[in-house]
Amino acid sequence: MGDLAKEFVTTYNYWVYIILMMIGLYAVMVKNNLVKKIIGMNIVQTAIILFFISIGAKRGATIPIIAHGHNGGEHAVHAADYINPLPHVLMLTAIVVAVATLGVALSLAIKIYQEYGTLEEDDIRTQTREE
Amino acid sequence: MKAFALIIVILCAGLLIYGTSDFPPWSDPESPASTHVSPYYIEHTIEDTSVPNIVTSVLADYRGFDTMFETIVIFTAGIACFFLLRVTKREDHESRLYHHLVTGVTLRIKEGGKLPDESEEFRRVDTEWVPYSLIIKITCRLIVPFIMLFALYVIAHGHHSPGGGFQGGVIIGAAMILFAISNDLRAAILRLSEKMATFFCSAGVFIYAGTGLLCLLLGLNFLDYGALAKILFTDPVTARSHGILAVEIGVGIAVMGVVVSIYYNLSSAGKHDEGL
């Protein structure tokens with residue numbers, strides 16, 4: 001039990017992202033309403049973003065902006081003083097792309113609503129079977 | 001079905017949590033993600049690009065290709081929304097509401113009815129119209145220019161503080177959306193037409209790719225901004241800083257156009273007539 005508690009204290013950031021991702025996955029699988037499925041998809045994206053950002057953390061480091069940097073490197077820069085900028089860069093673009101894909105998903109949902117008059121998945125399925 | 005999904009989810013969670021036992025502990029400076037390529041970025045950003053914000057220099061310089069294609073992804077998403085939703089054929093005779101400004105009477109003009117001329121006396125309102133709050137309208141109108149100014153600061157100061165093209169572009173787009181929500185969609189389209197929004201989408205991507213192509217024409221690799229030194233009359237390191245700024249401006253314009261055009265299409269289901 002002590003091992004498990006120690007494990008949890010050192011890696012609980014991963015546990016949080018796993019729980020979030022599973023909530024999103026459950027919503028995508030179970031929910032009947034298409035908008036709720038889209039929200040589930042977005043929760044999965046948020047979980048991935050949280051995972052990447054938590055990877056970038058370093059103990060005792062500060063934000064990845066070189067202090068007094070505009071003077072042009074008069075002092076040595078140590079990598080241990082700044083957190084890892086790479087996950088931030090990747091997630092910065094991923095957030096905007098997530099918004100854009102959310103727009104596409106919602107416009108597909110609008111089209112489906114115009115076609116079938118409902119966003120409930122089982123109603124759509126019975127309508128397509130009748131045709 | 002629900003129980004089956006719950007079992008799958010719990011199994012997945014169990015496997016993933018079991019997998020975390022091999023992961024490095026949180027905020028470990030020696031973790032694999034922080035030991036290979038990122039120390040190079042941190043230690044060389046000043047001498048390579050003279051940009052103190054490492055996120056900006058990695059975004060636009062070291063990983064410029066990645067960001068260019070991310071910009072193309074959001075451009076494609078905006079165009080996809082347009083093609084999915086936009087209704088070009090106007091069904092003209094749905095019933096419309098007009099507000100007579102002199103008497104304060106709201107008129108409903110039914111299908112086939114004669115529409116009033118565009119005049120100062122009548123103002124069109126949405127069919128699902130609710131009397132709105134003047135306070136909200138005026139407050140938003142006052143705030144919008146300052147939000148846009150802040151967005152320009154975020155774009156232009158991305159070299160030295162958190163910020164850059166993506167964030168600034170989203171803030172400008174949000175300001176436009178705030179204006180559209182607090183007034184109505186037609187007022188926003190009057191300020192920034194659909195044509196201009198779509199033009200901004202493609203212009204931003206064009207600025208990004210064009211900067212890369214300019215570097216190619218000046219004799220170095222695609223998106224190697226050091227080549228811009230020849231036309232900017234500076235040393236290559238400063239030229240890289242300026243190249244990053246050009247690219248960030250392109251990203252900002254593209255993101256703003258995409259956000260606004262997606263909002264126009266989504267909120268009115270492609271009619272650009274009555275929306276939120």
Side-chain angles (χ1 to χ4, degrees), chain A residues 7 9-15 17-19 21-23 25-26 29-30 54-61 63-70 72-73 76-90 92-97 99-104 106-108 110-111 113-114, chain B residues 1-2 5-6 8-10 12-13 16-17 20-21 23 25-29 31 33-34 37-43 45-47 50-55 58-59 63 66-67 70 73-74 76-78 80-81 84-85 160-162 164 166-167 169-170 255 258-259 262-263 265-266 269-270:
Chain A
E7 188 92 339
V9 168
T10 51
T11 60
Y12 71 91
N13 59 319
Y14 305 119
W15 293 47
Y17 109 80
I18 288 166
I19 290 166
M21 197 160 86
M22 288 306 126
I23 291 171
L25 187 65
Y26 183 79
M29 283 199 291
V30 168
S54 74
I55 280 180
K58 279 186 203 169
R59 198 172 294 109
I63 55 168
I65 297 173
I66 308 281
H68 313 293
H70 53 274
V77 177
H78 302 293
D81 293 340
Y82 300 97
I83 59 172
N84 189 354
L86 195 53
H88 293 243
V89 174
L90 299 176
L92 173 64
T93 52
I95 290 169
V96 180
V97 170
V99 170
T101 51
L102 177 69
V104 176
L106 285 176
S107 54
L108 281 172
I110 288 177
K111 268 288 157 197
Y113 187 80
Q114 286 173 350
Chain B
M1 179 61 199
K2 276 188 181 174
L6 196 65
I8 290 180
V9 162
I10 289 173
C12 272
L16 285 170
I17 287 179
T20 57
S21 58
F23 280 21
W26 186 33
S27 71
D28 179 17
S31 70
S34 306
V37 72
S38 80
Y40 179 85
Y41 293 150
I42 294 170
E43 282 159 9
T45 176
I46 291 287
E47 60 191 75
S50 82
V51 175
N53 186 352
I54 310 164
V55 172
V58 175
L59 181 85
R63 291 185 166 256
D66 184 13
T67 313
E70 298 275 13
V73 165
I74 58 163
T76 314
C81 271
L84 279 171
L85 285 177
H160 296 273
S161 64
F166 282 99
Q167 299 92 319
V170 166
V255 169
V258 167
V259 167
I262 284 180
Y263 174 77
N265 279 320
L266 273 185

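To find a chain, count down the sequence lines: A is the first, B the second, and so on, and within it residues start at 1. Note that these values count all heavy atoms, side chains included, but never hydrogens, waters or copies made by symmetry.
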Checklist line | B:Asn53 portion near chain A, given a 4.5 angstrom heavy-atom threshold | finding: both

Item checked: Greatest number of heavy atom pairs closer than 4.5 Å to chain B - which of A:Thr101, A:Leu25, A:Val97, A:Ile19 -> A:Val97

Next item on the list: Could you check which of B:Val73, B:Thr67, B:Leu59 has the highest count of heavy-atom pairs closer than 4.5 Å to chain A?
Entry: B:Leu59

Next item on the list: For atom OH of A:Tyr113, decide whether the heavy atoms of other residues, nucleotides or ligands shown that lie under 6.0 angstrom number more than 12.
Entry: no

Item checked: Heavy-atom pair count under 4.5 Å with chain A, highest-scoring of B:Gly169, B:Ala80, B:Cys81 -> B:Cys81

Margin query: How close do A:Ala80 and A:Ala61 get, counting heavy atoms only, and between which atoms?
Written below: O-CB, 3.6 Å

Note to self: Which atoms of B:Val37 are under 4.5 Å from chain A, going by heavy atoms: the side chain, the backbone, both sets, or neither?
What the structure shows: side chain

Next item on the list: Locate the shortest heavy-atom distance separating A:Ser54 from A:Asn13; write the atom from each residue and the value.
Entry: OG-ND2, 3.0 Å

Next item on the list: Could you check if a side-chain atom of B:Leu16 sits within less than 4.5 angstrom of a side-chain atom of A:Met21, using non-hydrogen atoms only?
Entry: yes

Margin query: Just to verify, what does A:Thr93 make a side-chain hydrogen bond (donor to acceptor under 3.5 Å, both in side chains) with, not counting sequence neighbours?
Written below: B:Glu70

Checklist line | Least distance between heavy atoms, B:Ala13 atom then A:Met22 atom | finding: CB-CG, 3.6 Å

Item checked: B:Ile262 portion near chain A, given a 4.5 angstrom heavy-atom threshold -> side chain

Next item on the list: Pick whichever of A:Val30, A:Leu86, A:Ile63, A:Thr11 has the most heavy-atom pairs under 4.5 Å with chain B.
Entry: A:Leu86

Next item on the list: Among the options A:Ile95, A:Ile65, A:Val96, pick out the one with the most heavy-atom pairs lying under 4.5 Å from chain B.
Entry: A:Ile65

Check: Which bit of A:Leu106 is near chain B, if near means a heavy-atom gap under 4.5 Å: side chain, backbone, both or neither?
Finding: both

Check: Quick one: what part of B:Ala33 sits under 4.5 Å from any heavy atom of chain A, side chain, backbone, both or neither?
Finding: both

Checklist line | Segment of A:Ile83 engaging chain B (4.5 angstrom heavy-atom cut-off) | finding: backbone

Checklist line | Atom of A:Arg59, atom of B:Trp26 and distance for their closest heavy-atom approach | finding: NH2-O, 3.3 Å

Next item on the list: Using side-chain hydrogen bond (donor to acceptor under 3.5 Å, both in side chains) as the criterion, list what pairs up with B:Ser38, not counting sequence neighbours.
Entry: A:Asn84

Next item on the list: Below 4.5 Å from any heavy atom of chain A, which atoms of B:Val9 appear? Answer side chain, backbone, both or neither.
Entry: both

Item checked: Non-hydrogen side-chain atoms of B:Pro52 and B:His160 separated by less than 4.5 Å -> yes

Notebook entry, point to check: Between B:Ile10 and chain A, which part of the residue has a heavy atom less than 4.5 Å away: side chain, backbone, both or neither?
Noted result: neither

Check: Is chain A contacted by the side chain of B:Thr76, its backbone, both, or neither, given a heavy-atom distance below 4.5 Å?
Finding: neither

